[in-house]
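Okay, so here's the structure we're looking at.
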Amino acid sequence: TGFIGGEKAYNYELWNNQRYELADELIADTVVRHGIGGQRVLTHAEAKQRVLDYWAMMDTMVFTLVQVTAEDDRVCVLYECEATPTGGEP
């Protein structure tokens, strides 16, 4: 599937459809998350736990990929996420 296909599966299957059994296949040994103010490097285990932790706080969560760029072993994703916290408003 390549990285772009893998990234779609990561967001649409692992996150949106909560197919946690795909985590080992879809999450790399390290994951670099970029955000406001810097970046954070996660281990495979931390990235996998992050999915579970976020879903534990949400009733609904749907990712839409806006743009995916892949080159060699790097993937950059621009996404939108609509989520409803457990017991809360979106």
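By the criterion of side-chain heavy atoms lying less than 4.5 angstrom apart, applied directly or through intervening Ile, Leu, Val, Met, Phe, Trp or Tyr residues, Tyr54 is grouped together with Leu26 in one hydrophobic cluster. Hydrophobic clustering of Ile, Leu, Val, Met, Phe, Trp and Tyr side chains at less than 4.5 Å, counting indirect connections, unites Tyr12 with Leu52.
The side-chain contact (heavy atoms from CB on, under 4.5 Å) test with Lys48 singles out one residue from Leu14, Ile27, Leu42, and that residue is Ile27.
Between the side chain of Trp55 and the main chain of Trp15, a donor-acceptor pair closer than 3.5 Å is present. Here the side chain of Asp59 pairs a donor or acceptor atom with the backbone of Gly87 at under 3.5 angstrom. Using a distance-only test at 3.5 Å, with no hydrogens or angles considered, no donor-acceptor pair links the side chain of Asn11 to the main chain of Asn16.
Using a 4.5 Å heavy-atom cutoff, the side chains of Asp24 and His44 are in contact. Side-chain contact check for Tyr79 versus Leu65: some heavy-atom pair is nearer than 4.5 Å.
Interatomic distance, OG1 of Thr86 versus CE of Met58, reported as 7.5 Å (0.5 Å rounding). To the nearest 0.5 Å, atom SG of residue Cys76 and atom CD of residue Glu71 are 11.5 Å apart. Rounded to the nearest 0.5 angstrom, Asp53 CG and Glu46 CD are separated by 10.5 Å.
The heavy-atom pair separating Pro85 from Ala83 by the smallest distance is CD-O, 3.9 Å.
In Tyr20, the OH atom is crowded: over 12 heavy atoms of neighbouring residues, nucleotides or ligands sit closer than 6.0 Å.
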